[in-house]
Colleague: 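I'd like to ask you about the structure that follows.
Throughout, numbering of the chain's residues begins at 1 and tracks the sequence.
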Amino acid sequence: MLRFKRKRSAALALLLALSVTVGAIAYWTSGGSGTGTAPTGTSAALTANQTTTVAPMYPGDSAQTLSGDFANTNSGPSFVSTVTPRSRP
């Protein structure tokens, strides 16, 4: 009986090792390729809202803080990379 248990344990260990090996080979050698497309939605323009008042400036004047926020009417978040202030004529 002991001999049968040893053979059975060895067979189970071998089966376990083989299944782990096959799984590892399948994982590392799997591949694929393809192409895909997806439509994008339309985006609405953001509205910049200035929340501070800036005093008239002249060359050499000290810096002033300009603050504000954006109104986003898009269905998702928008990314603002730069903001450039303009002077009024």
Side-chain angles (χ1 to χ4, degrees):
M1 187 74 161
L2 185 61
R3 181 182 280 175
F4 177 71
K5 285 185 179 182
R6 285 184 185 170
K7 286 183 180 181
R8 184 174 158 188
S9 297
L12 286 174
L14 180 62
L15 182 63
L16 179 63
L18 283 174
S19 60
V20 169
T21 302
V22 168
I25 290 171
Y27 177 79
W28 288 107
T29 59
S30 67
S33 64
T35 60
T37 60
T40 59
T42 57
S43 60
L46 298 176
T47 304
N49 303 311
Q50 183 177 334
T51 59
T52 57
T53 303
V54 180
M57 298 179 74
Y58 54 87
D61 194 9
S62 59
Q64 296 182 40
T65 301
L66 181 63
S67 298
D69 58 16
F70 295 93
N72 181 12
T73 58
N74 293 294
S75 61
S78 294
F79 177 74
V80 177
S81 59
T82 59
V83 176
T84 305
R86 297 184 311 180
S87 62
R88 292 186 176 172

Colleague: For Asp61, what residues pass the side-chain hydrogen bond (donor to acceptor under 3.5 Å, both in side chains) criterion, not counting sequence neighbours?
Modeller: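 Residues passing side-chain hydrogen bond (donor to acceptor under 3.5 Å, both in side chains) with Asp61: none at all.
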
Colleague: Are any non-hydrogen side-chain atoms of Ser9 and Leu12 less than 4.5 angstrom apart?
Modeller: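 Ser9 vs Leu12: side chains apart.
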
Colleague: Could you measure the distance from the CG atom of Leu66 to the OG1 atom of Thr53? Nearest 0.5 Å is fine.
Modeller: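 Here the rounded value is 10.0 Å.
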
Colleague: Distance-only check: which donor-acceptor pairs under 3.5 Å involve side-chain atoms of residues 37-49, not counting sequence neighbours?
Modeller:
from	atom 1	to	atom 2	distance (Å)
Asn49	ND2	Asp69	OD1	3.3

Colleague: With sequence neighbours left out, what residues match Leu18 under side-chain contact (heavy atoms from CB on, under 4.5 Å)?
Modeller: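 Per chain and number, Leu18 pairs via side-chain contact (heavy atoms from CB on, under 4.5 Å) with Leu14.
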
Colleague: Just by modelled atom types, is the Thr51 backbone N or O under 3.5 Å from a matching donor or acceptor in the Ser67 side chain?
Modeller: no

